[in-house]
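To find a chain, count down the sequence lines: A is the first, B the second, and so on, and within it residues start at 1. Treat the numbers as computed from the prediction; the structure is a model and nothing was measured.
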Amino acid sequence: MKNVRIVDVLKSGQVGTEITVKGWVRTRRGSKNVNFIALNDGSTINNLQVVAEVEVFGEDFFKNINTGAAVGVTGKLVESGGSGQSVELQASALELIGAADPDKYPIQPKRHSLEFLREVAHLRPRTATFSAIFRIRHAMVFAIHNFFNDRGFYNVHTPIITSSDAEGAGEMFRITTLPAKDAPLNEEGNVDFTQDFFGKSANLTVSGQLEGELFAMALAKIYTFGPTFRAENSNTSRHLAEFWMIEPEVAFSDLNDNMDLAEDFLKYLIRYALDHCMDDLLFLSSRLVEEEKTKPADQRSMELIEKLKFVADNDFVRLTYTDAIEILKNSKPNKKGKFQYPITGYGTDLQSEHERFLVEQEFKKPVILTNYPKEIKSFYMRLDDNGETVAAMDVLFPQIGEIIGGSQREERLDVLERRMDEMNIPKDDMQWYLDTRRFGGCPHAGFGLGFERLLLFVTGMSNIRDVIPFARTPKNCEF
RNA sequence: UCCUUAGUAGCUCAGUUGGUUAGAGCGGCGGACUGUUAAUCCGUAGGUCGUAGGUUCAAGUCCUACCUGAGGAGCCA
């Protein structure tokens, strides 16, 4: 008999039919005559209740049907005699496929802290919380490709290994096949990378943007979706050394088009989650509500699903950096000296506390900040006519902060070269990039969305290590 | 990297001004129970108190260093 998935059984299973399901035991409750097994096969947050008579299988048989064990069950789907579920599986055959020693299996039917589960990240997808998160993660991957495909974008696989180190997006991981001990040295006494695998120094990519631009200059609308690596020593709940990023790049497009795209994109993804992952969202919401109860009333946040709907249904605030500075300068916390970094005027970089104030206090919705001073942004961002600001945009979300960073790119070769000189970007290594401006250059724009930060928002989780299967952070590279 | 804070049983924690044999709940195991929903009830095992030094008659408790986690900051996505 063919296996059926529990999600299908619970949704459309016909009472009276004979089925086989295979999955893992979440809990088993026994009494003298009958055992109840909560079975989960990963297809849904919900368990299927299996009812097994002690008389049929013998008392000893159940000793190995423990939490975590893999089992196969064949039986008849019947209306449930209990109140917790509408249908249940009356077992006629019960097979232990893989035992889980209850003395050693770390995940037991009790509350575990997220910190503990991070230490057993290889087993945590078997918990309700993490199975929900990773089903949602999958749904978001799918939605991202859908969104772009429907709008005529082409997916480009930009390189993971790169020799370009001019992106300035962060410290890079060097990759090499040279021996760690006694590496060959050149005349200056430095490691001689001409003898390395690629004949030059190579790194893991910190962004696919520059290569993405090359393809936007040919396919017009492209997006990348791949892993990104930053060797920054960042120890926060919002940073990973290895994370996934989505970077669309659009030819014949300006900053306004870019903002429209970013806002449409985020709303589409959130609506997709609401439309396709409601069971998992309801579960995550309820666990958040429990967690919130332990906090003081004024620190509680909006209920998850309500929050997602709110963002999907309301326009983002669009604000220039200069206007944001004015608002912050005249804000209560600034006047009362509540900011750790007081706002004095134009030119200061915005700190987390300022972004938080704008998003969570002033507007209470996502904010797109634009036109930052050129000094605090990257060389490739298009210089505005005032010569002072650049066509940059950051999308700020509540709790998470910057979820998207993007810009209209500098398409004027002379301006771009001047900016590279000012910011000490070596032009020699970047001729391939400058060629896009030399040959058929055009206005274009794009942005980068941190995939895990999106997942933080959608799942309501608060630590980024909990929305990626295996987190890589400083001092942590298990599995 | 900086600041704050924590590390005691498989997990979550308590452990008083330093003082005999370090406790609880959950989980596990054994038993009871006519259908349970994180079942319930009775019983039971389980600890080199993060590591290394130090102070002291005496250290889970005080001091120093290191390791690891968490929260915040910086950097950013």
Side-chain angles (χ1 to χ4, degrees), chain A residues 26-38 46-55 59 63 66-68 78-85 88 90 100-120 127-128 167-171 206-209 227-247 262 287 290 340-341 349-353 355-356 376-378 394-397 400-406 447-457 462-466 468 471 473-476 478:
Chain A
R26 281 284 166 79
T27 62
R28 177 175 65 83
R29 294 174 290 276
S31 71
K32 194 171 192 176
N33 300 323
V34 65
N35 271 256
F36 300 95
I37 299 164
N46 299 305
N47 300 325
L48 177 65
Q49 172 155 286
V50 173
V51 183
E53 306 285 341
V54 174
E55 199 181 23
E59 210 171 310
K63 296 230 160 95
N66 299 309
T67 296
V78 297
E79 280 184 32
S80 179
S83 58
Q85 56 282 314
E88 63 192 20
Q90 188 75 44
D101 183 346
D103 214 29
K104 301 200 175 97
Y105 184 59
I107 297 178
Q108 291 299 336
K110 60 154 299 192
R111 257 194 196 291
H112 294 292
S113 66
L114 296 172
E115 290 83 3
F116 169 70
L117 291 170
R118 263 170 234 153
E119 289 170 20
V120 287
T127 64
E167 285 142 11
E171 286 296 308
V206 293
S207 164
Q209 182 202 311
T228 310
F229 308 88
R230 306 238 172 127
E232 299 285 351
N233 191 8
S234 315
N235 294 286
T236 82
S237 53
R238 300 183 307 282
H239 291 84
L240 292 164
E242 175 183 292
F243 64 100
W244 289 68
M245 193 151 63
I246 300 102
E247 297 177 287
R287 75 170 285 288
E290 287 299 308
Q340 199 185 337
Y341 299 89
D349 206 353
L350 297 185
Q351 308 291 325
S352 297
E353 58 179 348
E355 297 180 353
R356 273 225 151 88
I376 56 175
K377 286 290 177 184
S378 300
D394 284 356
V395 181
L396 309 178
F397 261 39
I400 294 159
E402 187 180 341
I403 193 169
I404 278 180
F447 61 80
L449 168 70
F451 184 49
E452 284 78 17
R453 290 202 180 164
L454 170 79
L455 287 172
L456 280 182
F457 186 75
S462 49
N463 193 313
I464 201 161
R465 296 168 180 87
D466 294 330
I468 189 165
T473 52
K475 301 281 185 308
N476 181 6
E478 289 302 307

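- The base of B:rA38 does not come close enough to the side chain of A:R29 for any donor and acceptor atom to sit less than 3.5 Å apart.
- Within 3.5 Å, a donor on the side chain of A:H239 pairs with an acceptor on the base of B:rC76, or the reverse.
- Put simply, the side chain of A:N66 reaches to within 4.5 Å of the side chain of A:R28, judged on heavy atoms.
- Among the nucleotides B:rG35, B:rC76, B:rU68, the one closest to the side chain of A:F36 is B:rG35.
- A gap of 11 Å separates the P atoms of B:rG43 and B:rG25, to the nearest Å.
- Counting heavy atoms of neighbouring residues, nucleotides and ligands inside a 6.0 Å radius, atom CD of A:E59 does not exceed 12 of them.
- Contact of A:Q85 with B:rU36 (side chain to base): a donor-acceptor pair of N or O atoms is detected under 3.5 Å.
- Rounded to a whole angstrom, the distance from the P atom of B:rA65 to that of B:rA70 is 23 Å.
- Distance from the side chain of A:E232 is smallest for B:rC75 among the nucleotides B:rG35, B:rA70, B:rC75.
- A donor-acceptor contact under 3.5 Å is not formed by the side chain of A:Q340 with the base of B:rG74.
- For A:S237, taking side-chain heavy atoms from C-beta onward, the closest of the listed nucleotides B:rA73, B:rG72, B:rU12 is B:rG72.
- Residue A:T236 places none of its side-chain N or O atoms closer than 4.0 Å to OP1 or OP2 of B:rA73.
- In this structure a side-chain-to-backbone donor-acceptor pair under 3.5 Å is present from A:R453 to A:R238.
- For A:N235 and B:rU1, a side-chain-to-base donor-acceptor distance below 3.5 Å is present, hydrogens and geometry of angles not being considered.
- Closest contact between the side chain of A:N233 and the listed nucleotides B:rU1, B:rU34, B:rG28 involves B:rU1.
- Residue A:S31 places no side-chain atom within donor-acceptor reach of the base of B:rC33, judged by atom type and a 3.5 Å distance cut-off alone.
- For B:rC11, the base has a donor-acceptor partner in the side chain of A:K110 [N/O atoms by modelled type, under 3.5 angstrom].
- Across all strands shown, the partner of B:rG43 is B:rC29, judged by Watson-Crick or G-U wobble contacts whose two distances both fall under 3.5 Å.
- Closest contact between the side chain of A:E402 and the listed nucleotides B:rG69, B:rG35, B:rC76 involves B:rC76.
- Panel note: side chain A:Q90, backbone A:V78; no donor-acceptor pair is recorded below 3.5 Å.
- Among B:rA73, B:rA70, B:rU34, the nucleotide with an atom closest to any side-chain atom of A:R238 is B:rA73.
- Residue-level contact check: A:S234 touches the bases, meaning some heavy atom is under 4.0 Å from a base atom.
- In this structure, B:rA6 forms a base pair with B:rU68, meeting either the Watson-Crick or the G-U wobble geometry with both donor-acceptor distances under 3.5 Å.
- Listed nucleotides: B:rC29, B:rA39, B:rG74. Nearest to the side chain of A:N66: B:rC29.
- The listed nucleotides are B:rU36, B:rC76, B:rG74; the one nearest the side chain of A:R453 is B:rC76.
- Using P as the reference atom, B:rA38 and B:rG28 are 14 Å apart when rounded to the nearest Å.
- For B:rA77, the base is not stacked against the aromatic ring of A:F451, per a cut-off of 5.5 Å between centres and 30° between planes.
- Heavy atoms of A:G30 sit under 4.0 angstrom from at least one base atom.
- Only the C1' atoms considered, B:rU61 is 15 Å distant from B:rG23, to the nearest whole Å.
- A:E88 comes within contact range of at least one nucleobase, with a heavy-atom separation under 4.0 Å.
- Using Watson-Crick or G-U wobble geometry with both donor-acceptor distances under 3.5 Å, B:rA73 finds its partner in B:rU1.
- Between B:rG10 and B:rG47, the distance separating the two P atoms is 7 Å to the nearest Å.
- Side-chain proximity of A:I464 to B:rA77, B:rG69, B:rU34: nearest is B:rA77.
- Here OG1 of A:T473 is found 14.0 Å from CD of A:E232. Values are rounded to the nearest 0.5 Å.
- A pairwise comparison of heavy atoms in A:K377 and A:D394 identifies NZ-OD2, 3.1 Å as the closest pair.
- Within the shown strands, nothing qualifies as a pairing partner of B:rU48 under the Watson-Crick or G-U definition with both distances less than 3.5 Å.
- For the residue pair A:T228 and A:R230, no side-chain donor N or O sits within less than 3.5 Å of a side-chain acceptor on the partner.
- Residue A:K377 is classed as having no contact, given no heavy-atom separation below 4.0 Å to the nucleic acid.
- For the C1' atoms, the distance linking B:rA73 with B:rU37 amounts to 45 Å, nearest Å.
- Between A:Q49 and A:T67, the residue anchored closer to the 5' end of RNA chain B is A:T67, taking for each the nucleotide with the nearest heavy atom.
- B:rG54 and B:rA45 have their C1' atoms separated by 37 Å, given to the nearest Å.
- Across all strands shown, B:rA59 forms no Watson-Crick or G-U wobble pair with both distances under 3.5 Å.
- Among B:rG74, B:rA70, B:rG28, the nucleotide with an atom closest to any side-chain atom of A:Q351 is B:rG74.
- Partner assigned to B:rA38 is none, using Watson-Crick or G-U wobble distances below 3.5 angstrom.
- Heavy-atom distances to RNA chain B give each of A:H112 and A:T473 a nearest nucleotide, and the one nearer the 5′ end belongs to A:H112.
- Between A:R28 and B:rU36 there is no side-chain N or O to OP1 or OP2 distance below 4.0 Å.
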